[in-house]
Undergrad: 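Questions regarding the structure given below will be posed in turn.
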Amino acid sequence: MRHEMADARAARQISANDDRVTKVGKFIRKTSLDELPQLFNVLRGEMSIVGPRPHAVGMRTGDVESAKLVEQYAHRHRMKPGVTGWAAINGSRGPVDTPELVRERVALDVDYIERQSFWLDLYIIVMTIPCLRGVLGYLPVNIAQGVVGLLTIVLFTRVLTPEEYGAYALAFSALSLTQTVLLTWSEAAMARFFAAREEDGRLPDHFATLYRLWGACALATPVIAAIVLYVLPLDPPMKVALAAAFAAVIVKSLTKLSQERRRAAGEVSGAALLDVVQTVGGFALGLILALVGLGGAAPLLGMGAISLLCLVFVLPTDLGRMRGGRFDRAMARDYATYGVPVALSLILALVLSTTDRFLLAAYLGEATVGVYHAGYSLGSRTLDVVFIWLGMAGGPALVSALERGGPTALKDAAREQAAFMALLTLPAATGLALVAPSLVELMVGESLRAGAVKVVPWIAASGWLSGVTTYYLLQAFTLGRRTPMLIAAMAIPALANLVLNLLLIPRFGLDGALWATTASYGVGAVAAWALGRRAQCLPIPWDTLAKAGGACVLMAAAVLILPSPGGILELILKASVGAAVYGGVVLGLNVDGLRGKLSGLARRKARPA
């Protein structure tokens, strides 16, 4: 909106072809990008993901203040406003410029407030997706990343030898750690502070400060590379793969800065295109290089080369934005204060997930790392999809319950959420372990297949523990506003993983790494639960866990007696029978009142407001 025509009290609501809205503003509204900054309000506890949509104080409908048109208007303020809501998915979006539209909006909001639950929030989030426009601009990115992730397992495990695939896994882990330790905090600050600097007219200082900070940190990359490549006793193929990884760190991070700038500026198509080109192009070029014999370095060389090509087109423009800007120490301090804790939590997560690879390489060689990485990637990617979906609704629902009803309401909402998570994810992890042979046969190359079959079940258990910890138990620290304790809770399993791998890998080899990984995630779950009780006690639905576990045992018994014809036929047969048995048991027992909840969820969209 044009600054001189701003209307903070919404005396005149936005309308089609509004003369106050700039061309950029029309694009941002058309693509729903104006909704994205509200995620920062969610993180700060000022908003929820789901709730009544926020209205300006004093907003008018015609000549009358909107709040005076409906007696129940004030009831909208009984809970925090939301990024999406019941009204939005039922067609009440945009301006409310007639008394009838105001009444409809308020009726839907009050209906939501009276019936709010984790299940309803989950339903609203799912139904919001078709209502979005700008967010759908990133849908090709998500599709590309998912497809390429699977193809990376399918093709590279067949094209590369176990030693080469292991070298790739190690080098990629080194790339991720280096970028996260040195540069991720600046990438986070680019997106977080862009809008504020644009508002105060200091974008040139923003870019000048960030790029200088980035450059100072990036100088450490060749130093680390020199130490690793010249000091450690590595074989030539491993050195080549690591050299490619360290080179890719620089170009990937620079491209990421450009991409974050585009996202913050609302350039959806530009940000999405940059991501898709790097993802698909890097994979395709890496596959070609692998086919011509460049071994474990091939995927990393492809990744780095495509990122470098992207920089040729985007970097000159982005560096030009520094023109007239200067390095600001106070600004740099703010950026570091925000970005370093974000990077620290990511570093601890990476330490937990990558320590075993480096120790396996030290004791058993790259071929064992290749086997481990193939099974680990296949197992973890499968469960991540389920937990991420649950996490979108889970956290905001708990915050909403605490704000509206205090600890008692939080306890009820948390128990319901944890029970649903157990009912959905425990059979998913069990099923993944049961179909591991047929799934690995389809997805993993023959040279890595035998070992990967052994890895997947353990990673299914680890992935379940990790998901429950991340998306439920660790929420206690956010709810209790004790985020420093969150770092401690994440550090405990990372340290346990290092110690257990050092003890078990020399004696038991790959089995030791699998035991250490599963045990460390178990330690992480216990630590999160124990420390979380000091921040905000979250209940554990032991009864539901026991019943879901029993249903999983019956599911396993049914699947294990089935024939094993191999391939996709076996996968479909065992997955179908397992799902049918588990679903029949939990519905038959009506675990946690599941039958009533499912029927209520199915009726909600048709229920009149």
Side-chain angles (χ1 to χ4, degrees), residues 152-153 156-178 227-245 290 295-300 350-381 433 436-437 440 443-463 466 493-523:
T152 297
I153 299 172
F156 282 119
T157 58
R158 287 169 166 80
V159 172
L160 301 176
T161 67
E163 292 80 8
E164 291 170 342
Y165 191 72
Y168 154 67
L170 288 167
F172 185 80
S173 297
L175 182 157
S176 300
L177 279 170
T178 304
I227 294 172
V228 170
L229 296 175
Y230 291 101
V231 174
L232 298 182
L234 304 170
D235 56 40
M238 188 69 245
K239 286 189 175 183
V240 173
L242 283 170
L300 301 157
L350 274 174
V351 168
L352 180 56
S353 63
T354 60
T355 299
D356 38 23
R357 291 164 177 77
F358 293 114
L359 292 176
L360 279 171
Y363 287 107
L364 302 173
E366 287 86 357
T368 305
V369 178
V371 169
Y372 182 81
H373 185 69
Y376 193 105
S377 299
L378 187 57
S380 61
R381 284 180 183 276
V440 169
M443 301 294 294
V444 178
E446 187 175 358
S447 60
L448 295 162
R449 201 170 288 165
V453 168
K454 183 167 62 174
V455 172
V456 170
W458 287 98
I459 299 307
S462 301
S466 173
L495 179 61
N497 193 39
L498 176 62
V499 173
L500 288 173
N501 273 295
L502 284 170
L503 291 174
L504 297 176
I505 289 178
R507 294 189 61 187
F508 302 103
L510 179 60
D511 288 336
L514 295 173
W515 301 339
T517 297
T518 306
S520 61
Y521 278 111
V523 168

Undergrad: Rounded to the nearest 0.5 Å, what separates atom CE in Met443 from atom CD1 in Ile153?
TA: 5.5 Å
Undergrad: When Val444 is tested against each of Thr157, Val371, Val453 for side chain to side chain contact (heavy atoms under 4.5 Å, CB included), which residue passes?
TA: Thr157
Undergrad: Less than 4.5 Å apart, any side-chain heavy atom of Tyr521 and any of Pro493?
TA: no
Undergrad: Compare every heavy atom of Gly375 with every heavy atom of Val456, then report the nearest pair and how far apart it is.
TA: CG2-O, 3.7 Å
Undergrad: Should Val351 and Leu498 count as side-chain neighbours, where that means a heavy-atom distance under 4.5 Å?
TA: no
Undergrad: Let me confirm one number: the CG-CG distance from Leu232 to Leu242, rounded to the nearest 0.5 Å.
TA: 8.5 Å
Undergrad: Checking Phe358 against Leu177 for the side-chain contact (heavy atoms from CB on, under 4.5 Å) test, could you report, in this order, the C-alpha distance in whole Å, the side-chain angles of both residues, the deciding distance, and whether it holds?
TA: CA-CA 12 Å; Phe358 293 114; Leu177 279 170; 3.7 Å; yes
Undergrad: Between Asn497 (side chain only) and Leu352 (backbone N and O only), is there a donor and an acceptor less than 3.5 Å apart?
TA: yes
Undergrad: Do Ile505 and Trp515 come close enough that some side-chain heavy atom pair is under 4.5 Å?
TA: no
Undergrad: Assess whether side-chain contact (heavy atoms from CB on, under 4.5 Å) is satisfied between Leu510 and Val455, documenting all intermediate values.
TA: CA-CA 9 Å; Leu510 179 60; Val455 172; 4.2 Å; yes
Undergrad: Between CG of Leu503 and CG of Leu359, what distance do you get to the nearest 0.5 Å?
TA: 10.5 Å
Undergrad: Shortest non-hydrogen contact from Ser176 to Leu350?
TA: O-CD1, 3.7 Å
Undergrad: Please find the pair of heavy atoms, one from Ala169 and one from Val369, that lie closest to each other, and give the distance.
TA: CB-CG1, 4.1 Å
Undergrad: Side-chain contact, heavy-atom cut-off 4.5 Å: Asp511 with Lys454?
TA: yes
Undergrad: Within a strict 4.5 Å, meaning less than it, do heavy atoms of the Tyr372 and Leu514 side chains meet?
TA: yes
Undergrad: For a quick test of reading the model, state the closest non-hydrogen atom pair linking Ala245 to Ala171 and the distance between them.
TA: CB-O, 3.3 Å
Undergrad: Between Asp235 and Glu366, is there a side-chain heavy-atom distance shorter than 4.5 Å?
TA: yes
Undergrad: For the CG atom of Asp356 and the CG atom of Leu504, what is their distance to the nearest 0.5 Å?
TA: 11.5 Å
Undergrad: Do you know which two heavy atoms are closest between Leu160 and Gly296, and how far apart they sit?
TA: CD2-N, 4.4 Å
Undergrad: Looking at Tyr376, does the NZ or CZ of Arg381 lie under 6.0 angstrom from its six-membered ring centre and within 45 degrees of the ring axis?
TA: no
Undergrad: Does the side chain of Ser462 pick up a donor-acceptor pair with the side chain of Thr517 at under 3.5 Å?
TA: no
Undergrad: Quick check for you: to the nearest 0.5 Å, what is the distance between His373 atom NE2 and Phe156 atom CZ?
TA: 11.0 Å
Undergrad: Of the non-hydrogen atoms in Ala167 and Met238, which two are nearest, and what is the gap between them?
TA: O-CE, 3.4 Å
Undergrad: Would you give the length of the straight line joining atom CG of Leu495 to atom CG of Leu500, rounded to the nearest 0.5 angstrom?
TA: 9.0 Å
